[in-house]
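Note sheet for the following structure.
First the proteins, then the strands, lettered A, B, ... as listed; each starts at 1.
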Amino acid sequence: MEFNFKEIEDKWKKVWAKNGTYTVTEDPNTPKYYVLDMFPYPSGAGLHVGHPLGYVASDIYARYKRLKGFNVLHPMGYDAFGLPAEQYAIETGTHPAVTTEKAIKRYKEQLDKIGFSYDWSRQVVTAEPDYYKWTQWIFLKLFGSWYNREANKAELIETLVAKFEANGLSKELAREGVEAFTAEQWKGFSKAKQSQVLMNYRLAFLSYAEVNWCEALGTVLANDEVKDGKSERGGHPVERRKMRQWFLRITEYSDRLLDGLNTLDWSDAMKEMQRNWIGRSEGALIKFDLSQTLSEGEGLNSPRYHTTDSQTWNTSIDFAKEHRSNPTEAEAIVWEQLRAKRTGYKFRRQHPIDQFIADFVCLERGLIVEIDGKIHLEQKENDQLRTEVLNRYGFTVVRFTNEQVFGNIDTVVSKIKETLATMTERVIPSEVDDNELSEGQNSSLPFGEGRGGVSLEVFTTRPDTIFGATFMVIAPEHELVDSLTTPEQKEAVDKYVAYVKSRTDVERQQEKRVTGEFTGSYAVNPFNGTPIPIYMAEYVLAGYGTGAIMAVPADDERDRKFAEKFGLPVIEIIDKSMYPGATIEDKKGKMINSEFLNGLEVVDAIKAVLDEVEKRGIGQRKVNYKQRDAGYSRQRYWGEPFPIKYGPKHVEGFEDLGGAEDIPVPLSEDQLPLVLPEVSSFKPGGDGRSPLANSEAWVKAGYETDTMPGYAGSSWYFLRYMDAKNPNEFAAKDKIDYWKNVDIYFGGAEHAVGHLLYSRMWHKFLHDLGYVPTDEPFQKMVNQGMIQGRSNILYRVSELEKDVVKWFSDLLRKKYKKRIIISEQGNIDISIDDKVVIEIKRFDGYNYRMYQDTFYSRFRHYTSKAALLFFTNNIIRDSKFYINLIDTILKSSLSDGYLFVDTKPQKVAPLYVSNGFKDKFPCSPKHVDINLVHNDILNLKEFKRSSIENRESDFVLYKGKYYCGYEVEKMSKSKYNVVTPDDVIDKYGADCFRMFEMFLGPIEQSKPWDDKGISGTYNFLRKFWRLFYDDKGWKVTDAEPTKEEYKVLHKTIKKIADDIERLNYNTCVSSFMIAVNELTSANCSKRKVLEPLVILLAPFAPFITEELWSALGNTGSVHQAAYPKFEEQYLVESEFEYPISINGKTRAQVKLALDLSEADARAYVLGLESVTKWTNGAEPKKFIYVKGRIINVVV
RNA sequence: GCCGUGGUGGUGGAAUUGGUAGACACGCAGGACUUAAAAUCCUGUGAUACUCAAAUAUCGUGCGGGUUCGAUUCCCGCCCGCGGUACCA
């Protein structure tokens, strides 16, 4: 009887489904075991061969644990919200729900084919309201909670409010940016003000963060949609833009997330990555005063700029700074218009005047611009008073509303300009004495208030190196950039800031070139007053520490490079001569050139300098975390809606606010789920808002238009599996108490610092509120490697002028050698012998006449040379013609006054060149769907049919064919390199597919997909089958196995059980192969050997084993059988064949009894001819005898 | 850049605690069966040198050093691939 996998697999799939073989229920009498897979995002491309790698591994483990007697929870579901479905919706108009449902159906089909033992009754889908109701519910809990640092756990916000009501803001409760208040004051605060204060505590809170804004697409882009500062789709410019967004206060959990790692059975690598991500470092905040002497900024001595007294300045400046870094959207827009003297006058923003902070002020003319409808309401309440006071100091105030700013910024700006035009220099009324106001300034008030305030604060982990700090570096987006920049440096700084703005954080840190710019200002070393120049550079990020560093070139590699490039001094401060081999960053050595620190060891110096810093009040010790609070808003449609309305218009009880609009108010639990509305269009809602803004009803109701990010639903799904259909709770308490947490979690290492940190935080949070009994969600973690794809690459020819000029001039240079000159400026791109000049333009498809006319008028006067206008598109396609043309002109007399304009390009279409030509053209690589490619040859017909853009494409072929390049990389839809398991299963069956994936190599290792070796696994299954059946049929006997046959069995039992526990599945498959090979050779078809072997193999190949189990006459399922016992007695050996090494090199083998003593062994071995050959009879220097391992003779 | 991880025959990989490098499988070559092919089975297969052959020697785990009787395994310094780098999932 032949092995017919199709029949067998169909048959048992049905039986399992009918019998509910894999359905589990909570059973307090059986030990539980929870085996979890990272759930997939159901992409339109379907499951690819990389997904099942982890699923097969976990399925084997789950099945193994069941055979070992555990009650195993092994569920599957879908992370169904996500960008791809939304992108598809934008392109095609298909609702993401439809796309997603289709994809899920396909995934389910594919998964079922592979024979997984999932309990499908527990399936969850994050995009279904039944599920996201609870995601929203948890969000409400986060919003309604704060982190009590004293209790070191999250608590409901009510406990905080109670504390405020009792004692006001106590020292323990102080948070950055929260102004002190008493209990009485708290009670007197408006609802809005209270809400604003509480926002500093909530675990889900509103704040500001930069996003990738693409004006042309009118949308916010994900980081991987941005390449080189341009949008990946369309190549439009992308800018960083600040927006108000939701955040999760994960930083409150940083320490617990770190400590928790010690209790987890994860790989060291994984723990290390999380530790480094959280990045706890102990150091100090140190304030560097700004230098007065070296700055030449305006107004230092002019009374006109003294706008408040020193005490008020000091309290106001913190507010001002805070506001500067967190402008409202309207303020940000206005600032864009006012900054950099765009109105002709210098404006400052968030500038303290008297006891107030002006939004924008032009000190020169005394004009204040106020934007209303913003967060700091305390100012609003004093509008009247404020205007009066400001007038008294000689200021005029103009006000605009948010609506005016959003509506028409141009009108606002021209109004400001008009007002400025009517004003003269600021007149200080006589009754005000500016000098009086500025009394005491020389000690505490800022030199250089005009340059941003008192001091520059840095965070450093190496305060001991402060005497080696020869310059400071601030992030280009640092809040003080504008004020630190001197007029002379302004242009350069603006240019640099613009450059940095176009780059992502990753690009900035990757940059190998050293870039930066001098601000023109200086700080002073707080210990010895040495002036230190302040630079800005992209390698300093605003989000880390204070966004400013003291650079110590002697002790930091990056700082050193920077110093070299900008010619800054290096002061050696640590003598490492007594530590040879210590690297520059090791904390070893003796301090030198460091005043009071001289002679101290680095570790002691750190302590000493910290004490001194605190004593002198120039800074304090501080623990800093690299980890930031987690951005939780996405300007997208396909995500969970926030259960939030904005008061007061839309929420009862908020009538008392008068005008303010942006106080978030949570929905009540019974209003959940807040279901995603239908929208008229999936395109962005305009002005950076999500497509939800396209729903009129939604906007009218005052709902938040952003949605939650991808990780919202996936941060807690493993809890829902415990009680997937519960309509009343996210999961019932008794079920959570039974299943507790995940025992083993299979997933990719790519989630190390995203999903795995967020989930841990959510779990800890739910634990704090008493909803889950465990503090950690995933006890053991297995990282399966990725199966990489083999992508195919097309080479698209660039038609950018600069690329083409370079390429074409290189071509010409080959022919004319040194006669070619490339011109950097003007209209001429290339000239040859000054006889022929060539201008190269990228033709945009319109205005051909315009190109022609400008060209003629420009070159008409050229009487002694030929001027040629070529279009990039045309030259690339027919370079021979153009070179011939040039050649003809050079050789003839045509050149005098000859003007040539290229004919209009036939079409503006992408041009691709075959691999082999790619170096001959200016090309950029582009992925192509591997389904359109066979053996690296592109199917042109199908390619052209695949999209509108492709239909227009042109090709440069090699021998009549288009050869693609290839690359091994992540298998993903966006790289068009997905291989699905379906074909493999059709051809070889699911058992074979499972075993082959395992056989490929260790699961934690990545490897490119290649099914070349699959026939080996297939042969194994057939060989196994043939132990039971031959041509004549069933051949299993009840005969007693031989000792050797038992040995084969028990060797295998031991090996398989050991390897499964260690998750070395690839060697399991090898051992099965060895066992089958040995039994085949021994012609063994004995039940006593084969039956246990069937059970051993069952977790790997569930179908064939079930069939054989039933054929052996068993009634139940093999997957519910008992795991075979290993018996040592069959493996006991009395002899071992020792390798005999001479000087560590194996030269001979000899069989010796295992209980032989060293002396006997020595005598015997040294007498061997194969040994005396090397020793020449002499006594060896050494004789090494490792029992059961090796014998080594040293001569 | 930073963090993590990997590099072994023509290929995927094995070697579990420092102890016979290349298990198992693919591929390839030769042979058997067959009219033939497929399938199946058998033999060989790291490189080099020598040899009719058997055998033997030298080299060999990304590169360069080191520790050790002995290193794929431990240490130091490099090179390259892959994953992550906070809005792909």
[X] near the nucleic acid: base, sugar-phosphate alone, or nothing, with a heavy-atom cut-off under 4.0 Å?
| X | answer |
| --- | --- |
| A:Glu997 | nothing |
| A:Lys1145 | sugar-phosphate |
| A:His755 | nothing |
| A:Arg275 | nothing |
| A:Val1193 | nothing |
| A:Pro40 | nothing |
| A:Lys626 | base |
| A:Ile1184 | base |
| A:Gly710 | nothing |
| A:Glu272 | sugar-phosphate |
| A:Thr1067 | sugar-phosphate |
| A:Met270 | nothing |
| A:Asn1064 | nothing |

For atom [atom1], what is the distance between [N] and [M], given to the nearest Å?
| N | M | atom1 | answer |
| --- | --- | --- | --- |
| B:rG9 | B:rA29 | C1' | 16 Å |
| B:rU20 | B:rC69 | C1' | 16 Å |
| B:rG30 | B:rG84 | P | 46 Å |
| B:rU11 | B:rC79 | C1' | 24 Å |
| B:rU43 | B:rC26 | P | 14 Å |
| B:rG60 | B:rG10 | P | 15 Å |
| B:rU35 | B:rG27 | C1' | 29 Å |
| B:rU68 | B:rG19 | C1' | 12 Å |

Would you say the side chains of [X] and [Y] form a donor-acceptor pair under 3.5 Å?
| X | Y | answer |
| --- | --- | --- |
| A:Gln627 | A:Thr251 | no |
| A:Gln245 | A:Gln635 | yes |
| A:Ser690 | A:Asp706 | no |
| A:Glu704 | A:Trp246 | yes |
| A:Arg233 | A:Gln87 | yes |
| A:Ser281 | A:Asn624 | no |
| A:Trp638 | A:Thr707 | no |

Whole-Å distance between [N] [atom2] and [X] [atom1]?
| X | N | atom1 | atom2 | answer |
| --- | --- | --- | --- | --- |
| A:Ile250 | B:rA86 | CD1 | C1' | 10 Å |
| A:Glu86 | B:rC88 | CD | P | 13 Å |
| A:Ile1014 | B:rG27 | CD1 | P | 12 Å |
| A:Met1073 | B:rG13 | CE | P | 15 Å |

Distance test, side-chain N/O of [X] to OP1/OP2 of [N], below 4.0 Å:
| X | N | value |
| --- | --- | --- |
| A:Arg1189 | B:rU17 | no |
| A:Asn1019 | B:rC26 | yes |
| A:Asn1066 | B:rA25 | no |
| A:Ser267 | B:rU5 | no |
| A:Arg634 | B:rC88 | no |

Side chain of [X], heavy atoms from C-beta onward: which of [options] has the nearest atom to it?
| X | options | result |
| --- | --- | --- |
| A:Ala269 | B:rC88, B:rG4, B:rA15 | B:rG4 |
| A:Met273 | B:rA23, B:rG4, B:rG12 | B:rG4 |
| A:Val220 | B:rU20, B:rU40, B:rC87 | B:rC87 |
| A:Gln1005 | B:rG13, B:rC69, B:rA86 | B:rG13 |
| A:Leu1000 | B:rG12, B:rA86, B:rC24 | B:rG12 |
| A:Val1186 | B:rG19, B:rA89, B:rG6 | B:rG19 |
| A:Ser1070 | B:rC87, B:rC24, B:rG83 | B:rC24 |
| A:Arg558 | B:rA89, B:rG1, B:rC69 | B:rG1 |
| A:Ser1015 | B:rA89, B:rA86, B:rC26 | B:rC26 |
| A:Trp277 | B:rA39, B:rA86, B:rU20 | B:rA86 |

Between the base of [N] and the side chain of [X], is there any donor-acceptor pair under 3.5 Å?
| X | N | result |
| --- | --- | --- |
| A:Gln635 | B:rC87 | yes |
| A:Arg636 | B:rC87 | yes |
| A:Gln1149 | B:rU20 | yes |
| A:Lys1023 | B:rU40 | no |
| A:Asn1192 | B:rC69 | yes |

Practice task
For A:Arg994 and A:Phe1100, indicate whether the former's side chain and the latter's backbone hold a donor-acceptor pair under 3.5 Å.
Solution key: yes

Exercise for the section: Verify, without hydrogens or angle tests, whether A:Gln784 (side chain) and A:Ile1003 (backbone) share a donor-acceptor contact under 3.5 angstrom. Expected result: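 Side chain of A:Gln784 to backbone of A:Ile1003: no pair is present.
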
Exercise for the section: Test the A:Lys242-A:Tyr208 pair against the cation-pi criterion, namely NZ or CZ under 6.0 angstrom from the six-membered ring centroid and within 45° of the ring axis. Expected result: no

Problem - Mutual orientation of the aromatic rings belonging to A:His755 and A:Tyr745 [parallel < 30°, tilted 30-60°, perpendicular > 60°] - result: perpendicular

Completion exercise
chi for B:rG9 classified (syn = within 90 degrees of 0, anti otherwise) as syn

Fill in the blank from the handout: Walking RNA chain B from its 5' end, the first of A:Ser1141 and A:Arg1147 to be reached, judged by nearest nucleotide, is A:Ser1141

Handout entry: Residue met sooner reading RNA chain B from 5', once A:Tyr41 and A:Asp1059 are mapped to nucleotides
Key =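 Its nucleotide being nearer the 5' end, the pick is A:Asp1059.
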
Fill in the blank from the handout: Given Watson-Crick and G-U pairs under 3.5 Å, RNA chain B in dot-bracket ([ ] crossing, | other strand) is (((((((..(((......[....)))((((((.......))))))((((......))))..(((((..]....))))))))))))....

Completion exercise
Per side-chain contact (heavy atoms from CB on, under 4.5 Å), A:Phe996 is matched among A:Ile1014, A:Val1069, A:Asp991 by A:Ile1014

